[in-house]
J.: 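Quick one: the structure is below, questions incoming.
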Amino acid sequence: MASVVKALLVEDARVDALVLSAMLCRFHCEDTIANNGKEAIDMFLEGKKFDIVLCDNDMPLMNGPEAVEKIRAMGETDVKIIGLSSDKNVQEVFMTTGVDVFFPKPLKIDVLGAMIQEVINKKRNSMV
């Protein structure tokens, strides 16, 4: 049995966080929610490990691109990071900070499912 995918949701909008959390639940992911980029950074600094991070753009204290840049700077290169925003103009900003992929909000469940499957496959291959 493959280990559970650990997901970090970096999202300040409660409704969006609940929707994404419910979607992750459908794929049997263990999810943790950070209300902003600073909370996400603090979790990594505490030594928490995640397989996938879904990161919103516009948040208080620290926005998504800033958080992604800091996560990557900490040497977290194996974690799959997805940038999310309803503003399609931030895609380029996200891509320069080290996200693996950017999707406009709302994130479609089949797209999330494909991302989760990629993470599962990668985990399986690294266990061999």
Side-chain angles (χ1 to χ4, degrees):
M1 176 78 188
S3 58
V4 174
V5 171
K6 293 183 188 319
L8 175 62
L9 289 175
V10 189
E11 174 62 75
D12 63 320
R14 274 210 126 21
V15 172
D16 289 358
L18 288 170
V19 168
L20 287 168
S21 185
M23 288 166 69
L24 286 164
C25 191
R26 282 187 58 187
F27 297 109
H28 310 288
C29 293
E30 183 183 296
D31 70 319
T32 304
I33 297 175
N35 296 303
N36 57 59
K38 185 181 179 328
E39 274 184 31
I41 296 302
D42 290 345
M43 287 179 194
F44 277 98
L45 289 172
E46 288 163 14
K48 291 191 169 87
K49 293 288 180 196
F50 300 98
D51 300 305
I52 189 167
V53 176
L54 286 80
C55 192
D56 183 36
N57 174 52
D58 192 25
M59 294 175 290
L61 298 179
M62 185 186 295
N63 70 25
E66 279 179 276
V68 171
E69 207 161 20
K70 284 184 171 29
I71 291 167
R72 291 297 191 212
M74 282 189 252
E76 294 290 343
T77 52
D78 286 345
V79 63
K80 184 167 196 75
I81 303 181
I82 300 172
L84 299 170
S85 181
S86 48
D87 179 0
K88 292 174 185 71
N89 296 326
V90 299
Q91 178 172 357
E92 212 169 290
V93 175
F94 258 121
M95 295 313 281
T96 62
T97 63
V99 295
D100 293 292
V101 65
F102 173 87
F103 291 108
K105 284 181 170 180
L107 183 60
K108 292 179 176 49
I109 191 139
D110 57 328
V111 169
L112 179 59
M115 294 295 109
I116 302 289
Q117 194 56 55
E118 270 183 37
V119 170
I120 291 169
N121 293 344
K122 185 177 171 189
K123 282 180 79 157
R124 268 197 204 122
N125 293 337
S126 67
M127 285 181 203
V128 175

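Count residues from 1 along the sequence.
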J.: Give every donor-acceptor pair under 3.5 Å between a side-chain atom in residues 100-114 and any protein atom, sequence neighbours left out.
T.:
unit_1, atom_1, unit_2, atom_2, d
D100, OD2, R72, NH2, 2.8
D100, OD2, I81, N, 2.7
K105, NZ, E11, OE1, 2.7
K105, NZ, D16, OD2, 3.0
K105, NZ, D56, OD1, 2.9

J.: Please evaluate residues L20 and L84 with respect to the criterion side chain to side chain contact (heavy atoms under 4.5 Å, CB included), reporting the C-alpha separation (whole Å), side-chain torsions for both, the decisive distance (0.1 Å), and the verdict.
T.: CA-CA 11 Å; L20 287 168; L84 299 170; 3.9 Å; yes

J.: Quick check: does any side chain N or O of K6 sit under 3.5 Å from a backbone N or O of T32, one acting as donor and the other as acceptor?
T.: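 No.
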
J.: I'd like to know if V68 and V93 are part of one continuous hydrophobic network [Ile/Leu/Val/Met/Phe/Trp/Tyr, side-chain heavy atoms within less than 4.5 Å].
T.: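 No, separate clusters.
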
J.: Counting only heavy atoms not in E46, do more than 12 fall under 6.0 Å of its CD?
T.: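 Yes, because the 6.0 Å sphere around CD of E46 holds more than 12 heavy atoms from other groups.
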
J.: Please answer: with hydrophobic residues joined when any side-chain heavy atoms are less than 4.5 Å apart, are I41 and I82 in the same cluster?
T.: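 Looking at the clustering, I82 is in a separate group from I41.
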
J.: Is it the case that more than 12 heavy atoms not belonging to D87 sit under 6.0 Å from its CG atom?
T.: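 Counting other residues, nucleotides and ligands, CG of D87 exceeds 12 neighbours.
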
J.: Kindly state each residue pair satisfying salt bridge (charged side-chain N to carboxylate O under 4.0 Å, His left out) with at least one member in residues 73-85, sequence neighbours excluded.
T.: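 Those involving residues 73-85 are K49-E76, K80-E118.
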
J.: Going only through I, L, V, M, F, W and Y residues with side-chain contacts under 4.5 Å, is there a path from I33 to F50?
T.: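 The answer is no; the residues belong to distinct hydrophobic clusters.
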
J.: Locate the shortest heavy-atom distance separating V10 from V53; write the atom from each residue and the value.
T.: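 The answer is CG2-CG1, 3.9 Å.
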
J.: Could you grab the distance from atom CG of D42 to atom CE of M62, nearest 0.5 Å is fine?
T.: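 Going from CG on D42 over to CE on M62, the span is 8.0 Å.
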
J.: How long is the gap from NZ on K38 to NZ on K70, to the nearest 0.5 Å?
T.: 10.5 Å

J.: What I'd like to find out is whether the side chain of D51 reaches to under 4.5 Å of the side chain of K122, using heavy atoms alone.
T.: no

J.: Which heavy-atom pair separates L8 from A40 by the least distance, and what is that distance?
T.: CD2-CB, 3.9 Å

J.: Specify the closest pair of heavy atoms between P60 and N36, including all atoms of both residues, with the distance to one decimal.
T.: O-CB, 3.1 Å

J.: Please report the shortest heavy-atom distance between D31 and S21, naming the atom on each side.
T.: OD2-OG, 2.5 Å

J.: Let me know which of L54, L18, V19 forms a side chain to side chain contact (heavy atoms under 4.5 Å, CB included) with L9.
T.: L54

J.: Please report the shortest heavy-atom distance between G64 and M59, naming the atom on each side.
T.: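 Here G64 and M59 meet closest at N-CE, 3.5 Å.
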
J.: Could you grab the distance from atom OG1 of T97 to atom CD of E66, nearest 0.5 Å is fine?
T.: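 These two atoms lie 10.0 Å from each other.
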
J.: Roughly how far, to the nearest 0.5 Å, is CG of D12 from CG of D58?
T.: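 So the CG of D58 and the CG of D12 are separated by 7.0 Å.
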
J.: Might you point out which heavy atoms bring C29 and I116 nearest each other, and give the distance in Å?
T.: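 Minimum heavy-atom contact is SG-CD1, 3.5 Å.
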
J.: F27: which residues meet the ring-ring contact (aromatic ring centres under 6.0 Å, His included) condition with it, sequence neighbours left out?
T.: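 With sequence neighbours excluded, F27 shows a ring-ring contact (aromatic ring centres under 6.0 Å, His included) to no residue whatsoever.
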
J.: Measure the CG-CE distance between L24 and M115 for me, rounded to the nearest 0.5 Å.
T.: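 L24 atom CG to M115 atom CE measures 13.0 Å (nearest 0.5 Å).
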
